[in-house]
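Here's the structure we're looking at; comments come further down.
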Amino acid sequence: MTRYNVRETEAKWQALWEERGSFRAADDPARPKYYVLEMFPYPSGRIHMGHVRNYTLGDIVARYRRACGFNVLHPMGWDAFGMPAENAAIEHKVHPGKWTAENIDTMRAELKAMGLSYDWSREISTCAPEYYRHEQKMFLDFLAAGLAYRKESWVNWDPVDETVLANEQVIDGCGWRSGAPVERRRLAQWFLRITDVADELLESLESLERWPDKVLVMQENWIGRSQGAHVSFRLTAGPVEGWGERIDVFTTRPDTLFGASFLAISPDHPVAGQLAASSPELAAFIATCRRLGTSEEALETAEKQGFDVGLTVRHPFLEGRELPVYVANFVLMEYGSGAVFGCPAHDQRDLEFAHKYGLPVLPVVRPEDADPAEFAIADEAFIGDGVVFNSDFLDGLPVAEAKRAAAKRLQETGQGEGAVVYRLRDWGVSRQRYWGCPIPVIHCDACGLVPVPEADLPVTLPEDVRFEEPGNPLANHPTWRKVDCPTCGKAATRETDTFDTFFESSWYFARFCSPHAEEAFERAASEYWMPVDQYIGGIEHAVLHLLYSRFFTRALGRCGYPIVDEPFSGLLTQGMVCHETYRDADGNWLYPNEVKRGADDEMVRVADGAPVTIGRVEKMSKSRKNTVDPTSIIETYGADTARLFMLSDSPPERDLEWTEAGIEGIWRFINRLWRMMTEPAVALPAPGAAMPERFSEAAAAARRAIHKTIRNVTDDLEKFHFNRAVARIRELTNELSDLEGDGADVAWVMREGFEAVTRLLGPMTPHLAEELWQRLGHAELLVDTPWPEAEAALIVDETVTVAVQVNGKLRGTIVLPRDADSAEAEAAALALPAVARISENRPPRKVIVVPNRVVNVVI
RNA sequence: GCCCGCUUGGCGGAACCGGUAGACGCAACGGACUUAAAAUCCGUUUCCCUUCGGGGAGUGGGGGUUCGAAUCCCUCAGCGGGCACCA
């Protein structure tokens with residue numbers, strides 16, 4: 001018996017595909033295109049199982065579409081800028097560029113060993129000047145279009161990485177990469193005006209029909225649109241120095257304006273700062289608020305506190321009503337206008353604040369059926385829908401109408417207007433790091449901010465940098481900053497901030513369409529290939545990367561770049577790869593290959609047989625040591641085994657548990673296929689041999705199974721039900737191995753079945769399938785063979801098994817001709833002994849017949 | 001607190017639009033082959049009862065709609081995710 005030689009076989013076909021350029025994509029407007037893309041990896045060192053899953057999913061889609069006749073673009077590249085390269089530089093004294101390049105070489109080889117159908121001629125790396133020069137140009141265009149700007153602002157400062165983080169990169173008050181608690185600092189930063197397109201980003205979510213609902217909801221929440229009104233309150237004592245005489249607030253409840261009893265401004269509000277200059281008590285209060293931080297538990301436990309600044313403002317509608325102004329620790333400067341009016345009767349937080357500071361509670365909305373004379377607010381604010389009262393011109397209106405009426409009156413009297421406010425904030429793109437794309441701007445004492453002239457692009461990173469000192473190596477560099485001002489020629493300095501690495505990943509997908517073009521995007525290529533038809537990656541990018549990319553395409557479009565608005569028309573978010581965790585008696589984590597099953601089925605340590613406790617199944621991570629190295633799996637079992645396991649065990653969007661037993665199972669299946677097809681029980685006819693005139697009953701049944709499987713697997717692949725597709729192929733395999741007989745008909749059907757299985761497995765286990773295809777006698781490569789088609793006549797059975805129920809309970813089955821009429825079905829059902837026994841021969845009250853499915857006899 | 005999602009055998013998971021629950025696999029058990037083991041092959045495997053013909057229960061709990069519910073509705077519980085001093 002010839003054993004399946006995985007290593008040789010996989011290497012052989014990989015070399016041949018490469019030699020023949022099987023996966024090279026050529027722009028060909030005459031053919032329908034399909035662009036499938038997996039989120040490109042950060043070159044951290046070696047590939048991990050998450051990559052294997054991600055790229056297997058992408059590859060099955062790419063190979064399937066290619067077989068279906070699409071002109072498929074399936075590229076790969078490297079998200080090569082980032083912190084780990086700098087950390088490596090600090091720890092191992094290796095230049096980030098060298099470290100990155102070596103990692104890319106390692107990982108490219110690992111990916112190639114997986115047999116992924118990439119067009120490697122389009123490979124890009126974002127740390128190459130040929131790549132990032134385009135984004136420097138984009139930035140200059142954004143600057144000219146007013147989409148990029150610089151301002152001083154409070155930033156999230158990561159004290160470990162010594163850099164600024166975007167809000168999206170702060171998770172539970174800690175840096176997303178370092179995990180260190182984030183501090184607040186005030187710095188001049190570059191921003192992209194993503195809020196400019198907030199409404200468009202929100203509204204267009206509707207058009208993304210092939211995105212998971214979950215992701216759409218997350219983006220919707222993140223953008224966080226609130227409809228309300230701006231209300232302008234005039235200070236009674238006249239203007240505050242350096243500010244003006246009005247304080248603007250945003251509210252979603254203009255209908256409750258008559259219930260207002262105070263104004264609260266943020267500690268960071270300019271008016272608060274101004275007043276603090278002459279009030280040490282206020283300054284102290286503001287300092288206390290700042291110290292509180294933004295971590296979750298700080299917010300939970302923090303008491304709502306206010307400081308009466310001694311000012312009052314006029315109510316916009318009530319002559320003579322004056323409201324006190326507080327600085328309050330719960331008002332955020334970053335949202336709305338940094339100030340709110342308090343309506344204690346209809347907002348729980350305002351109510352608590354009012355109780356604490358003895359402010360009036362004035363109910364102005366009551367439930368429709370409540371008696372106005374008796375309706376009162378005690379400890380709970382009334383936030384429900386109802387009727388407005390005690391409110392002059394709003395009296396009697398329902399809440400929704402009162403909101404509109406109040407906004408209208410505000411506008412008429414010049415005291416405000418209806419407004420929409422977003423939670424989304426502009427994207428801070430400055431990072432104080434070396435290993436990123438330099439921001440192409442020069443600071444000149446005389447001219448201010450001067451964009452680097454296009455002719456001088458790219459601004460490249462200096463090679464000779466030191467990482468010994470903390471902070472930004474670019475700022476610490478002795479000469480790199482020094483440059484003459486392009487405008488006035490005097491000595492000036494370069495901007496030393498680099499871009500957030502999400503900048504690079506916000507347009508790479510479009511660069512793949514024309515990766516070597518002189519301009520960023522070649523118009524014809526972009527118009528042909530974009531958008532990405534199927535994008536595949538982790539759910540962790542549901543907001544960050546996917547939202548930035550959607551913004552970027554729009555911003556680029558405004559600047560005249562040839563690019564579509566929505567970059568990804570289909571999105572698949574795959575689940576994580578998990579594994580059991582193991583610990584020794586001292587609680588130390590152990591790698592899976594450090595443990596084994598011992599005598600009594602207990603897990604023990606390989607080294608010394610010491611007992612091991614099995615922990616929860618968790619996401620593979622280095623910290624828990626529950627990782628399995630893909631390369632060692634591929635060396636042992638081959639890429640096809642790893643790929644098929646990735647597909648077979650769980651639906652792609654769910655988490656997958658990696659198990660040795662599961663891998664073994666797939667390995668057995670692959671060897672079984674090999675034996676079955678290379679040593680068939682009957683001698684197979686030549687490829688393309690004429691179909692026999694007659695088939696035995698068993699052979700005919702097998703043919704139906706073959707064609708049904710083709711149809712079902714095709715259907716499953718279309719819907720990404722890969723685990724089901726694998727199950728169906730296995731089912732057919734079982735059926736073929738049960739097919740007996742040595743007639744010419746059986747032999748012919750056997751070949752038909754083997755070929756079907758081989759072709760259906762092509763996208764999943766490409767090397768095995770290619771080898772089997774050749775051994776089945778085909779000269780043409782399987783990758784060049786079209787997807788099989790099911791014969792329509794064979795996927796419809798002549799007879800069907802119909803369930804027979806009595807009062808909804810299954811009592812037996814009957815076999816009927818397909819589409820038999822109801823009377824025939826009913827008669828056959830009633831003739832069943834079991835039906836007669838249970839009904840005790842009483843006539844049924846009713847008989848429900850669902851054709852080809854069920855007959856329900858109601859007694 | 002608000003918003004989403006999930007809950008099916010020992011395990012991963014199937015089950016189309018409300019129509020035979022448990023496909024396919026893993027694990028386990030029994031058997032064949034073998035001096036033995038591995039590999040392979042054949043069987044059994046939701047639970048309970050059984051006179052071996054069958055019978056009963058069953059998709060997180062409770063209730064409802066329906067001839068019929070894993071699937072639809074209400075409600076409770078558990079798990080997971082997102083957002084959150086958001087005005």
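Lettering of chains follows the sequences in order, A, B, ..., and the numbering in each one begins at 1.
When distances are taken from the side chain of A/Arg425 to each of B/U40, B/C86, B/C24, the shortest belongs to B/C86.
One finds no salt bridge joining A/Arg404 and A/Asp255 here, because no Lys/Arg side-chain nitrogen approaches an Asp/Glu carboxylate oxygen to under 4.0 Å.
Taking the C1' atoms as reference points, B/C72 lies 26 Å from B/C2, given to the whole Å. A distance of about 15 Å separates the C1' atoms of B/U50 and B/A57, rounded to the whole Å. To the nearest whole angstrom, the two P atoms, one in B/U35 and one in B/C47, are 37 Å apart. Look at the P atom in both B/U59 and B/G54: the space between them is 24 Å, to the nearest Å. Nucleotides B/G78 and B/G62 have their C1' atoms positioned 15 Å apart, rounded to a whole Å. The separation of B/G58 from B/A69, taken at their C1' atoms, amounts to 13 Å, rounded to a whole angstrom. Distance check on atom P: B/U8 versus B/G12 gives 7 Å, rounded to whole Å. B/C16 and B/A21: their P atoms are spaced 13 Å apart (whole Å).
Nucleic acid contact for A/Arg730: sugar-phosphate only, since backbone atoms but no base atoms lie under 4.0 Å from a heavy atom of the residue.
Checking each of A/Asp716, A/Thr733, A/Thr709 against A/Arg728 for a side-chain hydrogen bond (donor to acceptor under 3.5 Å, both in side chains) leaves exactly one that passes, namely A/Asp716.
Rounding to the nearest 0.5 Å gives a distance of 12.5 Å between CG of A/Leu572 and CH2 of A/Trp211.
When both distances must be under 3.5 Å, the Watson-Crick or G-U wobble mate of B/A87 does not exist.
A donor N or O paired with an acceptor N or O is found under 3.5 Å between the base of B/C67 and the side-chain atoms of A/Asn856.
Between the CG atom of A/Asn712 and the P atom of B/C24 there is a distance of 14 Å, rounded to whole Å.
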